[in-house]
Amino acid sequence: MPELPEVETTRRGIQPWVEGHRVERVVVREPRLRWRVPPRLARELSGEVVHRVERRAKYLLLHTDAGSALLHLGMSGSLRIVRDDQPAGTHDHVDLIFEQGHRLRLRDPRRFGCLLWSRAPTRHRLLRSLGPEPLEPGFDGAYLRQRSHKKTAPVKAFLMDAKVVVGVGNIYASEALHRAGIHPSRAAGRVSERRYQGLAQSVRDILSEAIAAGGTTLRDYVQSGGEPGGYSIQLDVYGRQGEPCHYCGALIRRAVCGQRSTFWCPHCQR
DNA sequence: CTTACCGCCTGTCGGC
DNA sequence: TGCCGACAGGCGGTAA
């Protein structure tokens, strides 16, 4: 499923084919995504030049002078650049057709993603309450410590809260907590600033490593050219319940924490 | 304000 | 081997 590194990898992949290019028309084969693709999107976007492709959290924004397309890949979405004559598959729901002939094709088998239109995206309801980007200044141990003050929710749920920090999905939350040595069900307010510094660093490191390697390959994710992600990272805990910890050999445990599958090493994480 | 839970979907996996 | 039900999963919306 696309997490932040996959979305960033997608952004980088499509950028040269989208930025500075004029949309000739938009084909919507299946508008029923998480929210219906608004009919005005095709109208508004057609004829416009995409002057910038931005990522905010796991959203991609295609900015034009008329407004911005706001896109989320959900669980199973992917974007590819295809030639004009490439036949569309079952789950290829939308094509942006550029003047030069190539297309930006949105595929999303589970249709958990969305494609919306906004004239003022920074004030859009989906974006306006989001927390800081984990790879930007402002996300650090002091920030996490301050935000977690008196919170009793599990630190893993806290870390996955988009109002706290964006882009840390279920996989990376487990991995970052393991790397930082913090037990996922510990109350967020009972983690020291020093340990939060380690956690912030782990989050940055893991996301950066994944981006550098082109995103993880999990389930349906493919890069913008169709090739699978190259980040066959060793995941240290995610999906490894019952297997030995790479660092201490203790058996990795799994439980539901914050309504989600959570994996941790009972020896390394306290 | 917080927290829990629902629902949107389909591919995959485990059980029989 | 084949079928089928359960489940996963991001995340906004809503109820409590």
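To find a chain, count down the sequence lines: A is the first, B the second, and so on, and within it residues start at 1. Hydrogens, waters and symmetry mates are skipped; everything else that's a heavy atom, side chains included, is used.
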| message | Rounded to whole Å, how long is the line connecting atom CZ of A:F158 with atom C1' of B:dC1? | response | 16 Å
| said: Regarding B:dG11, can its base be found pairing with the side chain of A:R110 as donor and acceptor, where the two atoms are less than 3.5 Å apart? | reply: no
| query | Closest nucleotide of DNA chain C for A:L126 versus for A:S261: which of these residues is on the 5' side? | reply | A:S261
| request: Would you indicate what A:N170 reaches in the nucleic acid, counting non-hydrogen atoms under 4.0 angstrom: base, sugar-phosphate, or nothing? | output: sugar-phosphate
| message | Quick check for you: among C:dG9, B:dT10, C:dC11, whose closest atom lies nearest to any side-chain atom of A:Y238? | response | C:dG9
| query | Is A:R12 salt-bridged to A:E8, going by a charged N under 4.0 Å from an acidic O? | reply | yes
| task | Assign A:T152 to base, sugar-phosphate, or nothing according to its heavy-atom contacts below 4.0 angstrom with the strands shown. | result | sugar-phosphate
| said: Nearest to the side chain of A:W35, heavy atoms from C-beta on, is which of B:dG11, C:dC11, C:dG13? | reply: C:dG13
| query | Which whole-number value in Å describes the distance from A:R128 CZ to C:dG12 P? | reply | 12 Å
| query | Has A:R105 got its NZ or CZ under 6.0 Å from the middle of the six-membered ring of A:W17, at an angle within 45 degrees of the ring axis? | reply | no
| query | Do we see A:F112 stacking on the base of B:dC9, given a limit of 5.5 Å between centres and 30° between planes? | reply | no
| field | Distance in angstrom units between A:K150 NZ and B:dT3 P, rounded | value | 14 Å
| note | When A:R34 and A:H91 are each assigned the nearest nucleotide of DNA chain B, the 5'-most assignment goes to A:R34
| Protein-nucleotide distance (A:H72, atom NE2; C:dG13, atom C1'), rounded to Å | 15 Å
| request: Check the pair A:R147, A:Y143 against side chain to side chain donor-acceptor pair (under 3.5 Å), reporting the backbone distance first and the verdict last. | output: CA-CA 6 Å; A:R147 286 299 304 266; A:Y143 168 78; 3.0 Å; yes
| request: May I ask you to decide if the ring planes of A:H93 and A:H91 are parallel, tilted or perpendicular, using 30° and 60° as cut-offs? | output: perpendicular
